[in-house]
Protein chains: 2
Amino acid sequence: MTLDRAAVDRLRARLQAYMAKKGLRSTAQRRLIVDTFFEGASHMTIEDLLTEVRARDKGIGYATVYRTLKLLAECGVASERRFGDGLSRYELADDAKAHHDHLICISCGTIVEFEEPRIETLQDEVAHRYGFQVTSHKHEMYGTCADCQKKVS
Amino acid sequence: MTLDRAAVDRLRARLQAYMAKKGLRSTAQRRLIVDTFFEGASHMTIEDLLTEVRARDKGIGYATVYRTLKLLAECGVASERRFGDGLSRYELADDAKAHHDHLICISCGTIVEFEEPRIETLQDEVAHRYGFQVTSHKHEMYGTCADCQKKVS
DNA sequence: TTCCATGCAAAATATTTGCAACATT
DNA sequence: AATGTTGCAAATATTTTGCATGGAA
């Protein structure tokens, strides 16, 4: 689920605005990490991203990647996800599109995104029923993807 | 969401059968921890349960509670849940009833269970659309409960 | 008597933070 | 020059495991 050019530009602008507002600085490390994150696969862990980043600059530290991803999450450019394997994963935020949720293959780790507006509607209904004001939600299905089902087992 | 007597008996029987099959032993600690778990509130953390258990027997160790909950989860008597605060929580399994999901108040920590069969149906539809064979799912909504909304903020 | 269970302490996992040196503005 | 940033190491926070001792069967 790659974002189109316009969406990417919007996110980059948001980051820039946030950094300006906060008086944060543009460093070589930050630029490299951010670029790598934007270009790389979705749902990467900090470790994943660190590996890719180090391929381009060996000196980058874990904490810098960690802090940069945190920064991206803070300003709404990235979303942190946890899929139960104990690792935090990050994906580009995409508020231009409807909220999506995830199907996770417990065999190969593949993560598929899905959208189902009718579920969102029912969710709202449930929240209203309990008087909750919902700020975020998590809807994940764990199982075996089509490919892994074929591989017998 | 307390279970009725019959459901509890069923779960206890399942545990007993599992232990017998595996040659596991009934110890005073295990009995105490299991009883406390069955009688206590839902969604307790290991630490919560340890506190309650120690009120009855000071000598119980964290690891024993940890291992007992793991045992309960293994045989399907308890379900482990994680609601994003970094702690594992446990609730009694209840396969007699429809699967339930959770509303979590990010202000006071209250956890409300809900059931919405229509969401389950749509879920199945989505999984089928992607060829996934779903074995479990997680559907959580985070926000502010009715009470906390009143407390202004 | 055998072998599982317990409690303690140590290890393992991941995340988060303190700090001196360094870089941006 | 002032202040934010980096990388390293240490601190956290939890969960998980090793092991000698104790207990169930």
Side-chain angles (χ1 to χ4, degrees), chain A residues 15-37 43-75 78-90 109, chain B residues 15-37 43-75 78-90 109:
Chain A
L15 172 61
Q16 192 166 15
Y18 184 81
M19 289 179 66
K21 190 180 67 186
K22 292 268 188 175
L24 305 181
R25 291 167 185 175
S26 173
T27 65
Q29 292 95 326
R30 245 175 215 168
R31 287 190 295 273
L32 174 56
I33 294 166
V34 170
D35 288 350
T36 307
F37 177 66
H43 308 115
M44 281 200 287
T45 62
I46 296 178
E47 208 67 56
D48 290 340
L49 192 53
L50 180 64
T51 302
E52 293 210 6
V53 158
R54 278 192 171 155
R56 301 209 235 169
D57 180 341
K58 294 188 200 305
I60 306 282
Y62 178 100
T64 303
V65 174
Y66 164 78
R67 286 187 277 231
T68 301
L69 285 174
K70 197 168 190 185
L71 165 64
L72 291 176
E74 262 170 39
C75 64
S79 300
E80 185 183 317
R81 304 275 180 191
R82 286 166 185 269
F83 295 128
D85 60 356
L87 298 171
S88 293
R89 291 165 188 281
Y90 294 83
Chain B
L15 172 60
Q16 193 166 15
Y18 184 81
M19 290 178 66
K21 189 180 68 186
K22 293 268 188 173
L24 305 181
R25 291 165 185 175
S26 172
T27 65
Q29 292 96 325
R30 244 175 218 171
R31 286 190 297 273
L32 174 56
I33 294 166
V34 170
D35 288 349
T36 305
F37 177 66
H43 309 115
M44 281 200 286
T45 63
I46 296 178
E47 208 70 54
D48 290 340
L49 193 53
L50 181 64
T51 301
E52 295 209 6
V53 157
R54 278 192 173 157
R56 300 210 236 170
D57 181 341
K58 295 188 199 304
I60 306 281
Y62 179 100
T64 304
V65 174
Y66 165 77
R67 284 187 277 230
T68 301
L69 285 173
K70 197 168 189 186
L71 165 62
L72 292 176
E74 261 170 41
C75 65
S79 300
E80 185 183 316
R81 305 274 179 192
R82 286 167 185 267
F83 295 128
D85 60 356
L87 297 170
S88 293
R89 292 165 187 281
Y90 293 83

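These figures come from a predicted structure and were not determined experimentally. By convention in this document, chain letters (A, B, ...) are assigned in the order of the sequence lines, proteins followed by strands, and residues within each chain are numbered from 1.
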(message) Is a donor from one side chain sitting under 3.5 angstrom from an acceptor on the other, for B/T51 and B/D48?
(response) no
(request) Determine whether more than 12 heavy atoms belonging to other residues, nucleotides or ligands lie under 6.0 Å from atom CD of B/Q16. (result) no
(message) Side chain of B/Y66, heavy atoms from C-beta onward: which of C/dT17, D/dG7, D/dT17 has the nearest atom to it?
(response) D/dT17
(message) What's the separation between atom OH in A/Y18 and atom CD in A/E74, rounded to the nearest 0.5 Å?
(response) 3.5 Å
(request) Figure out the CG/P separation between B/D48 and D/dT14, and round it to whole Å. (result) 11 Å
(message) From CZ of B/F83 over to C1' of D/dT14, roughly how many Å is that when rounded to an integer?
(response) 17 Å
(request) Establish, with yes or no, whether the OP1 or OP2 oxygen of D/dT5 is under 4.0 angstrom from a side-chain nitrogen or oxygen of A/K70. (result) no
(message) Tell me the closest heavy-atom pair linking A/I60 and A/L50, and the distance in Å.
(response) O-CD1, 3.8 Å
(request) Send over the distance from A/L87 CG to D/dT15 C1', rounded to a whole Å. (result) 14 Å
(request) Answer with yes or no whether A/R25 presents, from its side chain, a donor or acceptor under 3.5 Å of a partner atom in the base of D/dT3. (result) yes
(message) From CD1 of A/I46 over to C1' of C/dT17, roughly how many Å is that when rounded to an integer?
(response) 14 Å
(request) From the options D/dG18, C/dT24, C/dT15, select the nucleotide whose nearest atom is closest to the side chain of A/T27. (result) C/dT24
(request) Starting at atom CZ of A/R30, determine the distance to atom P of D/dT5, rounded to an integer number of angstrom. (result) 4 Å
(message) What is the separation between atom CG on A/D85 and atom P on C/dA12, rounded to the nearest whole Å?
(response) 20 Å
(request) Output yes when at least one side-chain N/O atom of A/T64 is less than 4.0 Å from OP1 or OP2 of D/dG7, else no. (result) yes
(message) I want to check one thing: is the phosphate of C/dT15, taken as OP1 and OP2, less than 4.0 Å away from some side-chain N or O of A/Y62?
(response) yes
(request) Quickly work out the B/L71 CG to D/dT15 P distance and round it to whole Å. (result) 17 Å
(message) Taking 4.0 Å as the cut-off, does a side-chain nitrogen or oxygen of A/Q29 come that near to OP1 or OP2 on D/dG7?
(response) yes
(message) Judged by each residue's nearest nucleotide on DNA chain C, which is more toward the 5′ side, A/E80 or B/T68?
(response) B/T68
(request) Could you please name the option among D/dT15, C/dG18, C/dC8 that lies closest to any side-chain atom of B/R67? (result) C/dC8
(request) Would you mind reporting whether B/R30 and B/L24 have side-chain heavy atoms less than 4.5 Å apart? (result) yes
(request) Take the protein atom CD1 of A/I60 and the nucleotide atom C1' of D/dT5, then report the distance between them rounded to whole Å. (result) 11 Å
